[in-house]
Amino acid sequence: MKIATFNVNSIRRRVGALCQWLDDAAPDVVLLQELKAQAEQVPILEIEAKGYRVELVGQKAYNGVAIVSRHPITVIHRALPGDTADEHARYIEADIAMPGGPVRVASIYLPNGNPAPGDKYDYKLRFLNRLYAHARELLELEIPVVLGGDYNVVPADIDVHDPVGTADDALCRPETRQAYRRIVNLGYTEAYRTLHPNRIEYSFWDYQAGAWQKNDGWRIDHLLLSPQAADRLLACEIDRDPRGRPEASDHTPVWCQLR
DNA sequence: ATGGTGGCGGTGCCA
């Protein structure tokens, strides 16, 4: 069972790249972020033609998240609990009917939070606190849970090309890392770093200033696994190939394989 | 030091 996260930076621009990656990688589930489209604008038929179902929360121009799955999807939440006034399309959670039993997944698009400090950074920290509270409740299910997405969090200095120059960035600041660690410390396993403790790889490269060519990247797309999922973890990789193709997203897919 | 790119929507905002 293969579960991936992929920030597509516009599903309309990237549906071709997504479908190619579905062919190449054959994931069971892909958690998408930054659809940048309303629900009716999402090219669902193209994705369904590849043998996948789609559930999504859309929004005009910004945000937008989806769950793409070969297996039946039962949506549980269309927003992150904890603030009904938050109208950003940044969270969708569902049960996936896997042959071996249900797996709970969420596609998360955390706020970027720049500039920091500021209102946007405060919103990011509030969002992280809401995610902490909800992630804690999910552990009570005692089933495999995969919380995947664009966390907009650089967990440690090893996860960014220039830790000194970016130290004050909203993705790197100590409060950000602390709020993220607090979630992990509830009992979640970050799949990539757990399997590759010292490997330097990134999941995002800015479009500007030749960041991709210089490998000036950031590792900000993560898969957090509940104990029941972590016990089944076999592999986790960052697939750089889509980022290197023409008209690529600025992010590339991260996937994990569970027994 | 600055500006560098891309997406949306039709102007600046967001990343």
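Naming convention: chains lettered A, B, ... in sequence-line order (proteins, then strands); numbering from 1 in each chain. Heavy-atom basis, side chains included; hydrogens, waters and symmetry copies ignored. Everything numeric in this text was worked out from a predicted model, so none of it was measured.
Residue contacts shown for A:Tyr109 are limited to sugar-phosphate atoms, with no base heavy atom under 4.0 Å away.
When rounded to the nearest whole Å, the span between NE2 of A:His251 and C1' of B:dG7 equals 13 Å. Rounded to whole Å, the distance from CZ on A:Arg13 to P on B:dC14 is 20 Å. A straight line from CG of A:Asp250 to P of B:dC8 spans 12 Å, rounded to a whole angstrom. Taking atom CG of A:Leu35 as the reference point, atom C1' of B:dC14 lies 16 Å away to the nearest angstrom. Distance CG (A:Asp216) to C1' (B:dT5): 14 Å, rounded to an integer number of Å. Per the geometry, NE2 belonging to A:His88 stands 15 Å off C1' belonging to B:dC8, to the nearest Å. If you measure from atom CD of A:Gln33 to atom C1' of B:dC14, you get 16 Å, rounded to the nearest angstrom. Atom NZ in A:Lys124 sits roughly 14 Å away from atom C1' in B:dC14 (whole-Å rounding).
Residues satisfying the ring pair (Phe, Tyr, Trp, His ring centres under 6.0 Å) test with A:Tyr192, not counting sequence neighbours, are A:His196.
You'll find that the side chain of A:Tyr207 is closest to B:dT5, out of B:dG12, B:dT5, B:dA15. Closest to the A:Gln208 side chain, of the nucleotides B:dC14, B:dT5, B:dG7, is B:dT5. Checking B:dC8, B:dA15, B:dG6 against the side-chain heavy atoms of A:Arg12 singles out B:dC8 as nearest.
For B:dA15 and B:dT2, the P atoms lie 23 Å apart once the distance is rounded to whole Å. A distance of about 24 Å separates the C1' atoms of B:dC13 and B:dA1, rounded to the whole Å. Atom name C1', nucleotides B:dG10 and B:dG6: the rounded distance is 16 Å, in whole Å.
Both A:Pro111 and A:Gln38 lie near DNA chain B, and the one whose nearest nucleotide falls closer to the 5' end is A:Gln38. With the nearest nucleotide of DNA chain B identified for both A:Glu34 and A:Ala209, A:Ala209 has the one nearer the 5' end.
For A:Trp205 and A:Asn215, the side-chain atoms include at least one donor-acceptor pair closer than 3.5 Å.
Salt-bridge check for A:Asp221 with A:Arg243: failed, with every basic side-chain N at 4.0 Å or more from each acidic carboxylate O.
When hydrophobic clusters are built by joining Ile, Leu, Val, Met, Phe, Trp and Tyr residues whose side-chain heavy atoms come closer than 4.5 Å, directly or via intermediates, A:Tyr62 is not grouped with A:Phe127.
Between A:Lys60 and B:dC8 there is no side-chain N or O to OP1 or OP2 distance below 4.0 Å. Listed pair A:Ser10 / B:dC8 meets the phosphate criterion, a side-chain N or O lying under 4.0 Å from OP1 or OP2.
Classification of the A:His134-A:His77 ring pair by plane angle, with boundaries at 30° and 60°, yields perpendicular.
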